[in-house]
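Everything below concerns the one structure shown next.
Atoms within a ligand are numbered from 1 in the order they appear, just like the ligands themselves.
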Amino acid sequence: MASTTYDKELNVALLAVQRASQLTKSVFHQNAKGTLNKSDASPVTIGDFGAQALIISALQHNFPDDEIVAEEEAKDLRENGQLRDLVWGLVQDTKLSDSAAEQTLGGAVKSADSMLDIIDKGDSKGGSKGRIWAIDPIDGTKGFLRGGQYAVCLGLMVDGDVKVGVLGCPNLPVSDSEPLKDGIGTDASDEEGKFGVLFSAVQGQGAHSRQLGAAGLQQAKSIKMSPLSNISDATFCESVEAGHSSQGDAANIAKKLGITKPSVRMDSQAKYGSIARGAGDLYLRLPVRKDYVEKIWDHAAGDLIVREAGGQVTDVEGKRLDFSHGRTLLENKGVIAAPKEVHARVIEAVKEVLGAKQ
Ligand SMILES: Nc1ncnc2c1ncn2[C@@H]1O[C@H](COP(=O)(O)O)[C@@H](OP(=O)(O)O)[C@H]1O
Ligand SMILES: [Mg+2]
Ligand SMILES: [Mg+2]
Ligand SMILES: [Mg+2]
């Protein structure tokens, strides 16, 4: 019978995210990040391509029959040999210092050409059947380039339901009790020992955090959302990018809820991880453009981590995020994540504010 505890999946996911995070950190310390602009005007770097190659390689070694939905494709690298060589150099150089852990991930990628094929293995259409991994090799690429927050994200969905989620956040404090602060600019640091956290969750088994180190896995600590007895004491966590979430709508919702504390802004799914460990209370993603459809890799891991930490995650209408419709969250608009006890009250305020605009 198939295992339903997902021990192996979690272990491989943690190590794969750890190794890929190590690659992104080495790019973070380089001046040349090989930045390209994609067709939707969003950036991609050699760190995104390299991290995606390392994660898919680890998944293929351990779970060869699973499908993979990943954000990036190798097209730009196939057309630009110089860029391909930069990524290949990074992929070859990045290993976990714990050799048993490196062995678990299947060791090195064979050649530059096989690396390109591996990157393109993330082209699954997704859907409601079977085992599908969702990968965002660098979420918050803009934050990564600014020296702000970013996350390496991996989730496993089975029949459209997220079972395992892992987020590597190299620039967040290790300590779960550190106060939340803006992660917009060059204030963030990945100084080993103080910064770098791995969040994880398995459905029905709670959410955890541990230090994101270069060696094997550190001891996990259980995390919980902060108990929020009075909603007016809440802190909002929002995107840095005004084009990703309406800051004006968020301000009006805060006013309705009597919230006076300033919002904390940070890029990426680091927002989900932060509220899951009680650093901040509410994550609001309020649609700016009517035509934008959220991508599953931007939410799969964070959604499970927050729910396992005692939160509720829905879209702006109060519907659960539905990962079974392919590569995008076709049936959802925006995201509202809050402690269970206050989620309904937040949705009420969201509906009043968004409804008044119609
Ligand atoms: N108009 C839009 N509205 C909402 N999200 C958008 C967007 N354009 C891009 N994004 C997504 O927002 C993600 C970053 O999230 P956040 O705003 O929370 O930092 C990006 O992930 P990548 O950086 O992986 O491309 C991208 O997928
Ligand atoms: Mg992107
Ligand atoms: Mg993303
Ligand atoms: Mg990305």
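Side chains of N11 and T104: no donor on one and acceptor on the other come within 3.5 Å. Side-chain N/O atoms of Y272 and H299 include a donor and acceptor closer than 3.5 Å. In summary, the side chains of D117 and S114 do not present any donor paired with an acceptor at a separation below 3.5 Å, with no hydrogens or angles considered. Looking at S42 and D40, their side chains do bring a donor and an acceptor atom within 3.5 Å of each other.
Every atom of ligand 1 with a heavy atom of G140 under 4.0 Å away is listed here by number and element: 22 (P), 23 (O), 24 (O). Less than 4.0 angstrom separates some heavy atom of S268 from each of these atoms of ligand 1: 16 (P), 18 (O), 19 (O). Taking every heavy atom of G243 and a limit of under 4.0 angstrom, the matching atoms of ligand 1 come to 1 (N), 2 (C), 3 (N). Annotation for ligand 1: atoms under 4.0 Å from non-hydrogen atoms of K271 are 16 (P), 18 (O), 19 (O). Ligand-side atoms of ligand 1 in range of D136: 24 (O), range being under 4.0 angstrom from any heavy atom. Close approach of ligand 1 to E71 is summarised as follows: ligand atoms under 4.0 Å from at least one heavy atom of the residue are 24 (O), 25 (O). Set against the non-hydrogen atoms of D139, the atoms of ligand 1 under 4.0 Å away are 13 (C), 14 (C), 21 (O), 22 (P), 23 (O), 24 (O). Atoms of ligand 1 found under 4.0 Å from any heavy atom of S239 (numbered from 1 in listed order, with element): 16 (P), 17 (O), 18 (O).
Ranking protein heavy atoms by distance to atom 8 (N) of ligand 1, first place goes to H244 NE2, 3.4 Å. Taking atom 5 (N) of ligand 1 as the reference point, the nearest protein heavy-atom neighbour is R285 NH2, 3.0 Å. Ranking protein heavy atoms by distance to atom 4 (C) of ligand 1, first place goes to Y292 CE2, 3.2 Å.
A cation-pi contact, defined as under 6.0 Å to the ring centre and within 45° of the axis, links K8 to F63.
Ligand 1 lies less than 4.0 angstrom from a heavy atom belonging to E294.
Excluding water, every protein N/O/S atom under 2.8 Å from the Mg ion (ligand 4) is given here by residue and atom: E71 OE1, D136 OD1, I138 O.
Using a cut-off of 4.0 Å between Lys/Arg side-chain N and Asp/Glu carboxylate O, K295 and D136 are scored as not salt-bridged. With salt bridges taken as basic N to acidic carboxylate O contacts below 4.0 Å, one links D161 and K163. The pair K142-D267 fails the salt-bridge criterion, with no side-chain N (NZ, NE, NH1 or NH2) lying under 4.0 Å from an Asp/Glu carboxylate O.
By the 4.5 Å heavy-atom criterion applied to side chains, S57 and L105 are not counted as neighbours. Between L282 and F236, the closest side-chain pair of non-hydrogen atoms falls below 4.5 Å.
At under 3.5 Å, a nitrogen or oxygen of D298, whether backbone or side chain, sits near a nitrogen or oxygen of ligand 1. The N/O atoms of I138, backbone and side chain alike, include one that comes under 3.5 Å of an N/O atom in ligand 1. Residue W297 has no nitrogen or oxygen atom sitting less than 3.5 Å from a nitrogen or oxygen atom of ligand 1, judged on distance alone.
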Which atom pairs, donor and acceptor, lie under 3.5 Å between side-chain atoms of residues 336-346 and protein residues at least two apart or in another chain?
unit_1: H343; atom_1: NE2; unit_2: T314; atom_2: OG1; d: 3.1
unit_1: H343; atom_1: NE2; unit_2: I336; atom_2: O; d: 3.2

Show the atom names and distances, to 0.1 Å, of all donor-acceptor pairs under 3.5 Å that link a side chain in residues 254-263 to residues at least two apart or in another chain.
unit_1: K256; atom_1: NZ; unit_2: E352; atom_2: OE1; d: 3.4
unit_1: K261; atom_1: NZ; unit_2: D233; atom_2: O; d: 2.8
unit_1: S263; atom_1: OG; unit_2: E238; atom_2: OE2; d: 2.5

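For residues 306-336, the set of pairs meeting the ring-ring contact (aromatic ring centres under 6.0 Å, His included) definition, not counting sequence neighbours, is empty.
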